[in-house]
Amino acid sequence: MGARVARLFRNFNLENRVHREIGKAKPEAAPRHLTHIDPVQSTEVAEINDAIHKRNDPLLGLLKSVYVESKDPTEAPKEVTEENVEERRPLKFSLPGDPYGIVEITDVPKGKLSIVEALKALNNHKNAPQTWTLENVAQEYSLDLKDTKALLEHFIPFEVKIIPPKTKDDAKQIKDT
């Protein structure tokens with residue numbers, strides 16, 4: 001019932017209200033600023049544009065002689081020599097086959113591990129901490145002691161527990177009553 005009354009008041013005298021709104025004076029737009037360019041100024045502007053886009057050979061020659069060499073102020077300069085080339089070591093373990101279409105990695109830099117090697121090292125240390133001590137893991141994979149300590153302290157491999165199914169004797173069955 002309320003909607004009918006609201007519609008009645010909303011539509012009452014609608015046509016007269018529309019004509020009154022249409023008949024009101026509309027606000028005028030703000031005046032546009034006039035731009036007066038003198039013919040003398042337009043030739044100056046054209047000359048300036050030509051001067052900007054003109055090829056200046058002496059400046060171009062000076063620009064070609066400039067050589068910029070950037071250096072990181074926090075880093076000591078490194079020169080590529082045989083001594084600075086990273087030593088690499090062959091992988092101890094890798095996944096069989098070609099997983100995910102990725103090219104098989106054959107070696108890694110010393111001080112780094114592949115994911116498979118990291119999981120293997122963590123699992124070995126977890127299963128036999130007396131034989132796979134901090135020093136043994138660091139020596140086996142060519143790692144720093146502090147990195148190895150952080151690895152063994154902060155990362156834990158997943159533990160998969162397989163629960164055997166119950167036998168028929170142990171299983172409780174709901175009997176039909």
At what distance, to the nearest 0.5 angstrom, does [atom1] of [X] lie from [atom2] of [Y]?
X      : Y      : atom1 : atom2 : value
His125 : Lys120 : NE2   : NZ    : 15.0 Å
Glu153 : Lys146 : CD    : NZ    : 13.5 Å
Leu122 : Trp132 : CG    : CH2   : 11.5 Å
Thr148 : Leu143 : OG1   : CG    : 4.0 Å

*So do the side chains of Leu119 and Ile115 get within less than 4.5 Å of each other, counting heavy atoms only?*
yes
Can you name the salt bridge (charged side-chain N to carboxylate O under 4.0 Å, His left out) partners of [X], sequence neighbours left out?
X      : answer
Asp107 : Arg88
Arg10  : none
Lys110 : Glu87

Where is the tightest heavy-atom contact between [X] and [Y], given as atom of each residue plus distance?
X      : Y      : result
Asn16  : Asn13  : ND2-OD1, 2.6 Å
Val137 : Leu152 : CG2-CD1, 4.4 Å
Val108 : Glu117 : CG2-OE1, 4.2 Å
Leu145 : Ala138 : CD2-CB, 3.8 Å
Leu113 : Leu151 : CD1-CD2, 3.9 Å
Arg17  : Asn11  : NH2-C, 4.3 Å

_Donor-acceptor under 3.5 Å (Thr133 side chain, Gln130 main chain)_ = no
_Is it the case that over 12 heavy atoms from other parts of the model lie below 6.0 angstrom from the CG atom of Leu60?_
yes
_Let's go through Asn124 and Thr131 carefully: what are the C-alpha distance in whole Å and the side-chain angles of both, what is the deciding distance for side-chain contact (heavy atoms from CB on, under 4.5 Å) to 0.1 Å, and is it a yes or a no?_
CA-CA 9 Å; Asn124 287 344; Thr131 57; over 6 Å; no
*Set of side-chain hydrogen bond (donor to acceptor under 3.5 Å, both in side chains) partners for Lys126, sequence neighbours left out*: Glu159
_The test is side-chain contact (heavy atoms from CB on, under 4.5 Å); show your working for Glu69 and Lys71 and say whether it passes._
CA-CA 7 Å; Glu69 196 174 297; Lys71 296 179 183 175; 3.4 Å; yes
*Output every pair passing salt bridge (charged side-chain N to carboxylate O under 4.0 Å, His left out) with a member in residues 52-67, not counting sequence neighbours, ordered by first then second residue.*
Arg55-Asp57
*Going through the checks in order, is the side-chain contact (heavy atoms from CB on, under 4.5 Å) test met by Arg89 and Tyr141?*
CA-CA 9 Å; Arg89 63 172 182 76; Tyr141 295 102; 4.0 Å; yes
*Residues clustered with Val66, ILVMFWY side-chain links under 4.5 angstrom*: Val68
